[in-house]
Structures are given as structure tokens and as C-alpha cells.
2 protein chains.
Amino acid sequence: MDVTIYEVAKRAGVSIATVSRTLRGTGPVAARTREKVLKAVEELNYTPSRLGVSLAEGRHAANGIVFPDLAGPYYTEVLLGYEEVASELGRSVVILSTKGRSKVGDLVKDLAGRVDGMLIFGHAVPEPLAAELVRLGVRLVFISRDPLPGADTLRSENIASARALAAHLTGHGYERFAFLGAPLTSRDDVDERWQGVKHVLGGAIEAVDTGQYTVDRGFEAARTLLKGRNRPRAIICSDDEVALGALLAAEELGLEVPGDVAVTGWDDIMAARHARPALTTVRQPMRELGARAARALDELITGTRDVPKHLILTTELVIRSSCGHHPQEVRT
Amino acid sequence: MDVTIYEVAKRAGVSIATVSRTLRGTGPVAARTREKVLKAVEELNYTPSRLGVSLAEGRHAANGIVFPDLAGPYYTEVLLGYEEVASELGRSVVILSTKGRSKVGDLVKDLAGRVDGMLIFGHAVPEPLAAELVRLGVRLVFISRDPLPGADTLRSENIASARALAAHLTGHGYERFAFLGAPLTSRDDVDERWQGVKHVLGGAIEAVDTGQYTVDRGFEAARTLLKGRNRPRAIICSDDEVALGALLAAEELGLEVPGDVAVTGWDDIMAARHARPALTTVRQPMRELGARAARALDELITGTRDVPKHLILTTELVIRSSCGHHPQEVRT
DNA sequence: TCCTTTCATGTAAGCGCTTTCATGATCGCG
DNA sequence: CGCGATCATGAAAGCGCTTACATGAAAGGA
């Protein structure tokens with residue numbers, strides 16, 4: 001990768017401006033000259049340096065994405081949608097995970113210096129840093145976060161689907177509930193889910209902290225809960241991973257799901273579909289989230305739009321067997 | 001992000017060389033001068049342009065990764081391990097998916113121009129392009145691919161674990177087998193798995209094509225197979241996703257796993273653990289693969305090593321309930 | 001034939017940063 | 001006191017590329 005435009009120009013017997021014009025199609029080039037240039041390019045196997053192009057153009061042709069941790073299918077699916085659209089738009093995707101990293105501020109700013117804009121997940125970046133990035137004029141789209149002045153936000157709908165989920169469970173006749181995976185911050189996705197189910201179930205539901213939204217933490221908290229004196233008839237979990245943990249706990253304690261205790265999740269990840277019983281959950285349009293984020297960012301980067309936008313994508317209740325028996329069981 | 005080193009230099013009343021020296025610690029700077037520079041940096045909120053630094057240094061401080069498609073937990077886990085080590089080494093990670101993309105060659109070369117080296121999965125990149133990248137001097141590590149002159153390769157062990165898996169199944173007394181998910185290319189991971197089990201089972205096993213290694217394809221092929229006249233007693237699957245499809249097929253046909261038909265997978269993804277029955281599989285050290293790839297690439301990039309290396313990481317047979325009953329069942 | 005327009009091409013100035021080398025000042029040693 | 005070494009700093013040259021603007025040639029129209 002050591003050939004420069006100067007060598008191509010010399011071999012073709014033209015100026016570097018003509019080489020650039022030929023390759024980029026930005027100006028007139030005589031047919032014969034064009035042939036000479038393309039021949040030299042081929043012989044020398046020349047590919048323009050991304051660095052040189054980006055510096056000269058003043059743009060990186062790249063998008064950043066910052067997430068707390070890629071572990072968990074939710075983030076992966078969003079990344080997939082994001083990368084696909086970014087690539088269609090001619091941009092690379094540079095990733096950064098912040099979990100367990102020191103000097104997050106430096107890492108994020110370094111990333112900002114490499115890309116034309118960034119997608120940031122919820123609270124992967126602390127509030128003061130988020131505000132600073134906005135102030136610095138970085139083009140930003142936040143996912144699953146309250147609207148922030150100067151940046152786009154994008155999230156999935158939580159409250160209505162949480163209400164629908166809770167209503168569905170009451171339709172099974174259950175009267176005592178627990179919400180596993182209490183919200184860690186206010187106004188984030190999980191808090192909205194909690195608010196939604198609490199709206200329907202009121203005093204019939206209590207929130208139980210898991211600390212993190214992982215299978216292991218879900219398992220531990222559910223085991224403690226199910227061994228207690230006040231065992232809920234149904235456990236509504238913050239997300240599918242916590243729900244998978246709850247399924248494991250029920251299994252270990254010899255409890256039937258949904259016969260003894262119903263369990264629901266959120267996200268509709270692969271493992272939720274393949275668990276037995278298959279999890280009733282709420283499907284998030286994760287790829288769509290990523291794709292929409294990439295398009296929103298494109299508008300900001302190209303200057304097509306400079307007024308921040310706040311989008312909410314719909315979610316969908318997915319009824320499977322973990323919440324209870326249904327008169328007409330369908331294949332999951 | 002518009003502040004340049006010239007503005008900092010002007011405000012501090014020094015040259016840009018002194019600003020650079022101060023920030024990078026590459027040469028002597030008087031204490032008083034240093035204070036003036038740092039003050040200016042703080043007041044102007046200056047962060048060096050990644051582009052400028054990279055062009056001047058002649059290095060990108062970034063690693064690339066090319067995969068066929070991120071869908072499926074296998075790739076995600078590798079990416080996690082890779083990104084973590086790359087970040088420790090002060091490098092960003094730029095991702096590229098090649099599935100369904102036209103002009104893969106251009107995309108990959110563009111990526112090569114943005115990074116100091118790349119990790120490429122198996123056959124995400126066609127053979128001629130792989131050879132061309134090597135010829136161009138790109139620092140490369142391939143995962144799950146036969147040794148290629150001039151590049152590192154890294155893979156998980158397949159044959160020995162496949163043999164162990166097949167031997168375990170014969171220990172259950174089964175005599176008729178199918179291998180679901182026939183190899184698409186020779187000498188790749190799946191081919192090695194097939195060779196391993198065939199070595200043990202010989203004429204007692206036949207390979208069945210799925211076309212792709214997905215749940216849906218596994219489901220279709222397994223349904224056809226299990227409805228046929230020559231139903232195997234055990235299905236060894238190329239990977240966990242195909243195996244999950246086979247579980248679904250058995251379920252739909254009212255067959256008990258492992259009572260009527262045993263099923264095994266490969267990878268040990270989350271969904272394999274949470275399926276019921278939980279899948280017997282072979283655990284790939286996916287994160288370790290990614291981490292090792294990042295370290296190998298670092299050696300090539302820094303020039304610590306310039307002789308290609310070929311590594312094989314061990315895999316581990318994980319016995320769960322899908323292969324048959326065991327005298328001492330353990331929690332999965 | 002002359003003038004205007006269009007095509008084609010090259011020169012030069014950046015884009016933002018790093019670093020080599022030259023220079024001046026100061027300090028220490030003989 | 002003079003010389004050599006060390007410290008501190010700035011000027012200049014790139015790193016690889018894009019593109020505005022100037023210039024010459026050719027073509028077309030009056």
C-alpha cells in the first residue's frame with residue numbers, strides 16, 4: 001500500500017490533479033489521457049490513501065458507534081442495521097465499547113476525531129460528556145435516551161407495549177406480580193417499561209433489583225424471589241436475558257413455567273425463541289433502530305437537516321408459551 | 001471540533017512544534033512553556049485531529065475486521081474479544097460486513113487504507129482478493145481458514161473435538177447418524193468437523209446439505225430428514241444454529257430429544273444453553289480467538305514479528321441433555 | 001478573420017499534524 | 001575565560017490528496 005498519486009502521475013506522464021480528476025470523475029479528462037492514467041493505476045495497483053482523501057476532503061466517510069458492551073444480541077442487531085445502511089451510504093463503521101474502560105472521555109473524543117458522526121447507546125457515555133460532545137459540534141444520534149438538546153434521539157416505544165403485556169397477563173387471571181430488573185436510571189427504556197406495567201398493575205407489582213441486566217443476575221434475583229414467602233404468580237422481566245435467568249431459576253427450584261409461575265421478557269432475542277417454554281416478550285425492531293440511526297446521522301452529516309429530531313419506533317407484543325396457556329396454541 | 005494546533009500555538013505564544021512536543025511528551029519543554037500550552041489547550045478544548053496525526057505518523061491506530069455477516073453470536077463474541085484487546089493497544093476497530101455487498105474488493109481495499117491491519121473471517125473475502133491483499137503488504141490475520149502464505153491464520157481445533165463428540169454419541173449406543181450442514185468449502189471449519197465425525201463413525205453417518213448455516217435452513221433440512229424412511233438416531237449439526245433448527249423440527253414432528261433422536265451442535269452460543277433440552281455442543285473460545293487475533297496483528301503492525309504464524313486454539317466438548325441421558329445429570 | 005466559449009491540463013495552496021535540524025542561550029569543566 | 005555539551009525552541013519539509021484558478025488550444029458562430 002505504498003504507491004502514491006505522484007508515482008501514478010509520473011508513470012502516466014500527467015499531473016496529480018489529472019490523476020485525481022480521472023479517478024474521481026470530477027472534471028474533464030481526454031479519453032487518451034484517461035486510458036494512460038487507468039493503465040498506470042492498474043500497473044501500480046494504486047488505491048488512494050484514505051487518510052489523504054479524508055484530510056483533503058475534510059470528511060472521514062465513517063460513522064462511529066459507542067455502546068456499553070456488545071455482549072447481548074440487542075446491541076448486535078442494532079449494529080447490523082447501522083453498518084448495512086452506513087455501507088450503502090459509503091461510510092465505514094468504527095466501533096467503541098465503553099464497558100470497563102478507563103478514560104472514556106478520551107476514547108470517545110478520539111473516536112469523534114475519526115468519524116463524521118456517532119451513534120451512542122443510552123448511557124454508554126456519561127451526561128457531562130454527552131453535553132460536551134454536543135457543544136463541540138459532533139453530529140450525534142442517541143439511542144434509548146431522553147431527548148438531549150442539539151442531538152437526535154431514537155428509541156423504541158416502551159410504555160404502550162408494557163401496558164399491553166401487563167394487560168395480557170391479567171387476562172390470564174394472575175394477581176400477584178414482580179418486575180425483575182429494576183430501572184438503573186430514570187427515563188431510560190427499562191424505567192418506561194416499569195412505568196407501563198405499573199400503570200396497569202398498580203399495587204399488585206413490586207420491582208426487584210438485579211444490578212445488571214444479565215442472565216446470571218436474573219437467575220440469582222429470581223431464585224431469591226421464588227424461594228421467598230411472597231412468591232409472585234408472574235415475573236415480568238426488564239429484558240430477555242434477565243428472563244432467561246428467571247427460567248433457569250424456576251427450573252432449578254422445580255417450578256413449572258407457566259403453570260407455577262409465568263415469565264416474560266423484552267427484546268425477542270434468539271435465545272428467547274429457542275428457550276422452553278418459549279418466552280413471551282416484546283419485540284424491538286433492533287435492526288430498524290440501527291438503520292434509522294444511520295439515516296438520521298446521514299442527514300446531519302450532509303447538512304440536509306440541522307434541526308434535531310426525536311423518533312420513537314413501535315414495538316410488538318409477542319405471545320408465546322411462557323406467560324400461560326392460550327386456547328389456540330400456535331407454533332412459536 | 002474545529003480548533004487546530006495553530007490556534008493553540010498562537011494563544012500560548014509558542015510554535016506548533018512546541019505544542020506537539022508538549023502534548024506528546026516527545027522532547028524537552030520548559031515548565032513555564034508547558035503550562036502556557038496546557039492552559040491554551042484547555043481553554044480551546046483542543047483535541048488533535050486523528051487525521052492529521054495519522055497522516056503525519058504514517059499509521060492509523062486502527063484495526064479492521066471483515067466478516068461475512070455479523071448475525072449469529074459466533075462473530076459477535078470474536079468481535080468482542082478483538083475490540084477489547086485492540087482498545088488496550090490504543091487502536092480503534094473498523095468493521096465491514098461483506099454479505100450481500102457488491103464490489104467487495106473495493107470495500108475491502110478501502111478498509112485496508114483506513115487501518116494498520118485486518119482480521120478476516122474465513123471466506124468473507126474471495127481467494128484471489130485475499131492473495132492480492134497479501135501481495136499489497138496488508139497485515140492480515142485470517143480466522144478459520146487454511147494457512148495462507150504471507151498472512152497469519154488462527155482457528156479453533158475441530159477434528160479432535162469432532163471425534164470426541166462422535167465417540168461420546170456411540171457411547172450412547174446409537175448406530176445411525178446424520179451430519180446436518182454439509183461443508184460448503186473444503187478445509188474450512190465445518191469440513192474439519194465432518195472429517196472428524198466421519199473418521200469415527202465411517203459408514204454409519206451421511207452428510208445432509210443445508211445450504212446455509214442458519215436456524216431456518218437447519219429446520220427445513222431436519223424436518224425433511226426426520227420425515228424420511230431412514231431416520232437417523234442422532235443428528236450431529238455443523239453448528240448451534242443449525243442444531244436449534246433441528247430441535248424445532250423434532251418438536252414439530254412430535255419427536256422427543258434425545259429419546260427419539262439426539263441432536264448436537266457446535267459453538268456453545270447462548271441459545272444453545274437455554275434451549276430445552278439444552279444442546280450438547282463443542283465450545284469455541286470465541287472471545288479468545290478475537291483477543292489472540294488482535295495480539296497477533298499487533299506483532300505484525302509493530303514489526304515485532306514478520307514471520308507468519310499459524311495458531312490453533314483448543315475447543316471443548318460440552319455434554320448437556322440433547323445427546324442422551326447420563327447417569328449423573330448436571331445442571332446445564 | 002476575429003471573438004467567445006468550451007475543453008483539457010498544470011500549478012500552487014491547503015487540509016492538520018509530526019519531526020528533523022538549525023540556532024541561540026546557558027551551564028559546567030578545564 | 002573559552003570551549004563544549006545540553007536544553008529549549010522555531011522554521012521548514014513532509015505525510016497523500018483535493019481543487020480553485022490560470023492558461024493554452026480548439027471549435028463554433030458572427
Side-chain angles (χ1 to χ4, degrees), chain A residues 1-38 40-41 44-62 90 109-110 112-116 136-137, chain B residues 1-38 40-41 44-62 90 109-116 136-138:
Chain A
M1 310 292 301
D2 293 312
V3 185
T4 68
I5 198 168
Y6 292 93
E7 288 163 81
V8 176
K10 186 172 180 183
R11 175 170 286 230
V14 299
S15 71
I16 56 174
T18 299
V19 175
S20 184
R21 243 180 318 249
T22 302
L23 295 180
R24 294 171 63 86
T26 47
V29 177
R32 181 150 163 55
T33 304
R34 178 184 169 79
E35 285 170 21
K36 285 195 301 184
V37 171
L38 293 183
V41 166
L44 293 173
N45 232 319
Y46 170 71
T47 297
S49 152
R50 185 72 248 171
L51 278 179
V53 174
S54 292
L55 188 59
E57 279 189 334
R59 70 179 201 107
H60 302 84
K109 281 184 194 169
D110 181 68
R114 293 171 184 274
V115 297
D116 301 312
L136 288 173
Chain B
M1 310 292 301
D2 293 312
V3 184
T4 68
I5 199 169
Y6 293 92
E7 289 162 82
V8 175
K10 187 174 180 182
R11 176 171 285 229
V14 298
S15 72
I16 55 173
T18 299
V19 175
S20 184
R21 244 180 318 251
T22 302
L23 295 180
R24 294 171 64 86
T26 48
V29 178
R32 181 150 161 58
T33 304
R34 179 184 169 80
E35 284 170 19
K36 287 195 297 182
V37 171
L38 293 183
V41 166
L44 294 172
N45 229 320
Y46 170 71
T47 298
S49 154
R50 184 72 246 169
L51 278 178
V53 174
S54 291
L55 189 59
E57 278 189 337
R59 70 179 201 105
H60 302 84
K109 282 185 194 166
D110 182 68
L111 178 61
R114 293 171 181 275
V115 296
D116 301 313
L136 289 172
V138 182

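From a predicted model like this one, the values you see are computed outputs, not experimental measurements. Per chain, numbering begins at 1; letters A, B, ... match sequence-line order.
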For B:Thr18, all residues meeting side-chain hydrogen bond (donor to acceptor under 3.5 Å, both in side chains), sequence neighbours excluded | B:Ser15
Cut-off 3.5 Å, side chains only: do B:Arg24 and B:Ser20 have a donor facing an acceptor?
-> no
Separation of atom CG in B:Leu23 from atom P in C:dT18, rounded to whole Å | 8 Å
Under 3.5 Å: donor-acceptor pair, side chain of A:Arg114, backbone of B:His60 | yes
Heavy-atom closest contact (B:Leu44 atom, B:Val3 atom, distance) | O-CG2, 3.3 Å
Reckon A:Pro28 touches a base, only the sugar-phosphate, or nothing at all at heavy-atom distances under 4.0 Å?
-> base
A:Val53 and A:Pro48 have their tightest heavy-atom pair at CG2-CB, 4.0 Å
Do side-chain atoms of B:Glu7 reach the backbone of B:Thr4 as a donor and acceptor pair under 3.5 angstrom?
-> yes
Quick one: label A:Thr33 by what it contacts on the DNA or RNA (base, sugar-phosphate, nothing), any heavy atom closer than 4.0 Å.
-> sugar-phosphate
Round to a whole Å and report the spacing from NZ of A:Lys36 to C1' of C:dT9.
-> 11 Å
Supply the atom-to-atom distance A:Lys109 NZ to B:Asn45 CG, rounded to the nearest 0.5 angstrom.
-> 5.0 Å
How would you label the contact of A:Leu51 with the nucleic acid (heavy atoms, under 4.0 Å): base, sugar-phosphate, or nothing?
-> nothing
Could you list where the contact with chain A starts and ends along DNA chain D, reading 5' to 3', using a 4.0 Å heavy-atom cut-off?
-> D:dG16 to D:dT19
Atom CZ of B:Arg59 and atom P of C:dT19: how far apart are they, to the nearest Å?
-> 10 Å
Using a heavy-atom distance cut-off of less than 4.0 Å, which residues of residues 7-20 of chain B contact DNA chain C?
-> B:Ile16, B:Ala17, B:Ser20
Give A:Arg21 one of three labels, base, sugar-phosphate or nothing, depending on what nucleic acid heavy atoms sit under 4.0 Å from its own.
-> base
Taking all heavy atoms of B:Val29 and all of B:Arg34, pick out the closest pair and write down the distance.
-> CG1-N, 3.8 Å
